[in-house]
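Please read all numbers here as calculations on a predicted model, not as lab measurements. To find a chain, count down the sequence lines: A is the first, B the second, and so on, and within it residues start at 1.
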Amino acid sequence: MYDSGKVIIGLVIFLILITFPMWYNVATGEAENVPELEKPVKGDACVADTEYMRSFHMDVLNQWRDAVVRDGQRIYTAPDGRKFNMSLTHTCLDCHASRKNFCEKCHTYLKVTPYCWDCHTVPEEVAE
Amino acid sequence: MSVDRRKFLKFAGLAALGAAAKPLAVVAQEAEQVVDSSLPQENPLTAKRWAMVIDMQKCLDHENVKDCAQACHEAHNVPDFGNPKEEIKWIWMEDFHKAFHEQNHEYIDEKLHHAKFPVLCNHCDNPPCVKVCPTQATWKREQDGIVMMDWHRCIGCRYCIVGCPYGSRSFNWRDPRPHIKKINNEFPTRSRGVVEKCTFCEERLSQGKIPACVEAAKDDAIVFGDLEDPESKVRELLRSRFSIRRKPQLGTQPEVYYLV
Ligand code: SF4
Ligand code: SF4
């Protein structure tokens, strides 16, 4: 192969550049700052267990959205038989009252910006 | 991700079971007493075909209907941009000669010419707005004929605004939230680039309540009910009085009737 030296150097530089954000976060300790979430203000148990909610709350919310808006079905029955009103503002935020100290903590850490809040209101913030 | 494979499969299985058992759950739900008071009412108002009957005679007395639009707009977080070009409206008062253009003629009483009647989305039985929507963000509900909107899906193409012959739809050119006087947590707001219109208070019906405008109207100036039920108040009124609809010649089959 011609110019293998240059090609390999090029590849190494490319790899370093593309993985830079990871190195940077590890080097500055940024990655260690795992967000601390506010404990729910009320309620004994979420609609599903914590680990599941941590990974799949967005899927739960999408299912709820479709059930309510498209099918007019508003009550969610959890596998253990408990019933919930499928509502972000009235069910989720009832226990996790602070968007800032709960939702936004992880969303900021992971740099995701869901657009739920463009329309759905946060009672705590509206009251202010 | 901290969910291991086993957990994930367990949940996936449960979710699948849940989906399969849904019709069962619905049946069980009707029988069972629900303890949580934050749940929507167990006895929603249902119908095969919702319709509205507006008594024009009673509307001539402006007092009877003057609060309708405000009640609706407060209930649904309808913004006021303070500019007629950007106006958002779900229900509003319209001059007779505009709302019923084809019924108007030059010898009509001046008072009637400028009399104002409430107009809103007609929840047409053959809705052109639904046909043109490329994303099914607006559709006619099978169960009760309400022409619904899914604001999550609307891409703001505004085909429906062009399609609707009644001007029932409005577009949010800007973020509406700062322009809502008092935000009502019971209902979401909309975002920029989304079309909105009346939904026959579908969210209130699900809680067993009649639409906000019907509630605000005095002296039964607006009546709401099931067209498929021959015993309903709307059917009785349509039997006993002569009624007109807006632009019936277009074939949209509007389901808002005006008693003459
Ligand atoms: S009045 Fe307009 S928006 Fe309402 S259903 Fe008919 S065509 Fe659609
Ligand atoms: S503006 Fe929204 S609701 Fe209207 S046709 Fe386009 S996507 Fe459908």
Practice prompt. Please flag which part of A/Val126 lies under 4.5 Å from any non-hydrogen atom of chain B: side chain, backbone, both or neither.
Written response: side chain
Response to the item:
Nearest heavy-atom contact between B/Asn185 and A/Pro123 is ND2-CA, 3.5 Å
Can you confirm whether [X] is buried at [atom1], in the sense that more than 12 heavy atoms of other residues, nucleotides or ligands lie under 6.0 Å from that atom?
X        : atom1 : answer
A/Asp80  : CG    : yes
B/Glu87  : CD    : yes
A/Tyr109 : OH    : yes
B/Glu228 : CD    : yes
B/Phe187 : CZ    : yes
B/Lys131 : NZ    : yes
A/Ile18  : CD1   : no

Worksheet item: Rounded to the nearest 0.5 Å, how far apart are CD1 of B/Ile183 and CD of A/Glu125?
Response: 10.0 Å
Worksheet item: Rounded to the nearest 0.5 Å, how far does CH2 of B/Trp151 lie from CZ of A/Arg65?
Response: 14.5 Å
Discussion item. If you define the side chain from C-beta out and look only at heavy atoms, does anything of B/Arg177 sit under 4.5 Å from A/Asp118?
Written reply: no
Item to complete: Under 4.5 Å, counting heavy-atom pairs only, tell me which of B/Glu203, B/Met149, B/Glu186 racks up the most with chain A.
Response: B/Glu186
Worksheet item: Where on B/Trp139 is there a heavy atom nearer than 4.5 Å to chain A: the side chain, the backbone, both, or neither?
Response: side chain
Item to complete: Identify which part of B/Arg192 has an atom lying under 4.5 Å from any heavy atom of chain A, answering side chain, backbone, both or neither.
Response: neither
Worksheet item: Are any side-chain N or O atoms of B/Thr189 and backbone N or O atoms of A/Cys119, one a donor and one an acceptor, separated by less than 3.5 Å?
Response: yes
Worksheet item: Would you say the side-chain atoms of B/His152 pair up with the backbone N or O of A/Asp66, donor to acceptor, closer than 3.5 Å?
Response: no
Discussion item. Between A/Arg70 and B/Glu142, does any side-chain N to carboxylate O distance fall below 4.0 Å?
Written reply: no
